[in-house]
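Accompanying notes for the structure given below.
Computed from a prediction, not measured in an experiment: that's the story for all the values here. As the structure lists them, so they are numbered: ligands from 1, and atoms in each ligand from 1. Start at 1 with the first residue, then count along the sequence.
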Amino acid sequence: MKDWIKFIHSPVTCSRACVIVACVSLLIVTGCSGSGDDDTNNEDTTIGALTSLGPLPNPSLTEAPSADDEPIPEPGIFNTASPLQLVRNPGPRIPQPIEVELTDADFAAGPLPAIVSIPDDLDPANNAAPRFENLNDVEVVAGELLEVLYKPVDDDGDLPGMFPEELPVGGSFDDNLDGTKTFRWQPLQMDVGINEFTVTALDFRNNQYRTTRTIRIKVTLPEDPSSIPNVAPTLDPFVPHTVRRNDPVVLELKGIDLNGTLATLELLSDLPGSSFVQHPRFEEIYTLQFTPTTVGPLDIDVLVRDTVDTSLTSIGTVTVDVLAESDFNRNGQRLRDLAAARNIKFGFAALPFFYHRPDGGIYAAIAAEEFNLVSPESSMKMATVNPFPGRYEFADVDNLVAYAKQNDIEVHGHPIVWHRQVPDWILNAEPTSLQGHMREYIVRLMNRYKDDVKLWDVVNEPIGDNGGYRESVWYKGMGERYLDIAFQQAREQDPEATLVLNDFDIAINGPKADTLFNMIDSLQARNIPLDAIGFQLHVFTSFDQFEEVRSNFQKVADRDLDIYITELDVALNGEDGFDKQAQVYRSIVEICLEQPRCKAIQTWGFTDQYSFREVFTPLFFGKDYQPKPAYTAIQNALEN
Ligand code: XIL
């Protein structure tokens with residue numbers, strides 16, 4: 001029997017509840033069958049009324065981070081947030097998880113069934129679902145033009161709307177102005193294999209009533225592959241950026257050649273003092289670096305050249321808008337200072353590698369001025385940090401921590417245990433090994449940042465969409481006890497850290513909030529360490545359940561826990577504008593200020609240029625880094 005398993009068998013001082021905890025977690029690993037062995041070298045490691053979880057798996061299930069995983073200094077050309085010393089993950093580049101490619105067998109299995117989503121309040125007996133007429137999988141030879149007609153129909157006689165998901169490069173979805181659309185695509189060498197294209201039809205009367213169809217497109221090589229037309233390569237589209245005069249701007253540009261050869265890039269525009277070089281590690285990327293010294297919009301032209309037929313070229317344009325330093329001045333006081341005066345923190349979630357973005361300079365500058373708390377938006381997710389057993393990628397978090405220290409910003413670790421952005425090796429692991437993997441991961445991650453991160457989202461989103469426990473990979477491996485084990489392990493690792501349970505849709509009444517309070521009560525009854533609840537608050541401008549937020553905050557406070565607003569953003573609904581958005585921000589900030597246990601407000605990003613809900617422009621700086629009405633509203637709320 002492994003040492004760490006034996007350990008929890010041995011007699012220790014603890015309440016009845018904790019014996020059950022130990023036994024249940026043990027059951028999963030061993031069946032809880034053996035009686036206590038005597039040869040354990042355990043001491044009484046009781047924490048409060050709880051038994052220590054005991055030693056970690058020994059030998060460890062996967063390798064701990066080693067010198068091979070230590071980030072190495074990044075060459076200066078990429079540094080847009082100087083004077084930060086940047087590091088990158090060590091080479092050779094870790095292979096990305098291989099995407100499972102579809103096979104001929106998938107194609108032969110026949111068309112995928114339609115997926116119908118029915119809103120809760122709709123009775124399909126009274127309203128037929130929209131559907132597509134005569135839609136089938138198709139086969140096409142590379143180089144030929146494929147045309148597929150999409151004709152949505154509804155047996156109620158209405159004309160359904162429709163929208164496509166991602167189009168393949170070079171494909172189009174053209175409106176025939178008669179209720180139908182045509183998907184047109186000329187696949188080339190790069191597309192040989194089985195491809196998918198997805199379109200959703202919307203019911204005319206209720207646009208949440210939808211039917212989604214995915215067709216498979218088998219692309220084969222013609223007998224004579226040289227018959228496939230060679231098309232000009234193009235520049236991978238690059239969204240416009242707003243930058244600040246005198247900040248270094250770094251643009252990583254790439255050509256796309258659908259014939260599968262490498263395109264070369266040449267800078268056409270004359271940019272004084274610029275450099276334009278092929279990336280040292282990725283030959284398809286060219287790095288343009290320059291420091292704009294004059295203001296105004298700048299169109300940068302790049303020539304993309306085919307390597308097989310060098311006369312075949314196209315020109316791509318990249319736009320940056322250069323603003324003067326003073327254009328970023330903001331009225332009033334900075335949010336972090338206003339918040340500090342009210343004894344709370346004001347924070348944001350930092351975009352991965354923000355210091356490598358073309359606008360990294362202004363991003364880093366505004367963030368340092370406005371915030372005193374930061375979560376990594378994605379760089380601390382397990383799939384990123386620990387993509388393969390025994391491999392660790394810490395560079396981006398290391399950079400964030402260094403930046404935060406330099407600017408007196410506290411770091412909020414997010415998330416440790418979550419059901420999304422989990423590496424494949426965990427999804428495929430034996431359920432009985434998940435407890436060990438989870439414990440090792442908690443210890444390794446918290447240990448690396450023990451001096452710099454004192455606030456942790458230990459478990460993220462444990463509650464199911466309709467209440468109850470979410471059936472995450474962790475839940476499937478350990479049952480409800482995964483929460484106990486995660487929090488207990490986190491407390492053992494850092495007794496001083498604030499341990500948060502973070503979730504969404506728990507500020508409003510409903511099954512998720514009901515589960516939350518039951519969950520807290522049960523964790524507390526068993527003395528599981530928990531310090532705070534994180535309320536994500538990704539809301540819309542139509543949000544008006546402020547009383548519910550107030551009262552749910554109070555219920556958390558009544559349970560002697562702190563409150564963190566962890567991921568606030570306010571997406572625009574329908575006709576609503578930025579003033580409505582400002583009101584919602586303001587009301588939420590006020591609720592936090594009213595509640596003594598509310599310790600921080602963090603928004604999920606700060607500029608609409610970088611938001612995971614970008615289309616809804618949910619943040620309080622525009623894409624141009626100018627404050628929106630919500631910025632002033634937050635200032636006012638913090639001031640009054
Ligand atoms: C999101 C990031 O913002 C995205 O960029 C990423 O692709 C997916 O994750 N709840 C959370 C966050 O706890 O970690 C999620 O962040 C947003 C929802």
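The contact shell of ligand 1, taken as protein residues with any non-hydrogen atom closer than 4.0 angstrom, comprises Glu377, Ser378, Lys381, His414, Trp418, Arg420, Gln421, Asn460, Glu461, Gln536, His538, Glu567, Trp604, Phe612.
Between Phe371 and Phe606, the distance from one ring center to the other falls under 6.0 angstrom. Here the two rings, on His437 and Trp474, have centers that are 6.0 Å apart or farther.
By the 30° and 60° cut-offs, the orientation of the rings of His412 relative to His414 is perpendicular. Taking the six-membered ring where the residue is Trp, Phe394 and Tyr392 present parallel rings, their angle staying beneath 30° rather than reaching 60°.
Taking the charged nitrogens against the carboxylate oxygens, Asp359 and Arg244 have no contact shorter than 4.0 Å, which rules out a salt bridge.
Every residue two or more places apart in sequence or in another chain was checked for a ring pair (Phe, Tyr, Trp, His ring centres under 6.0 Å) with Phe346, and none qualifies.
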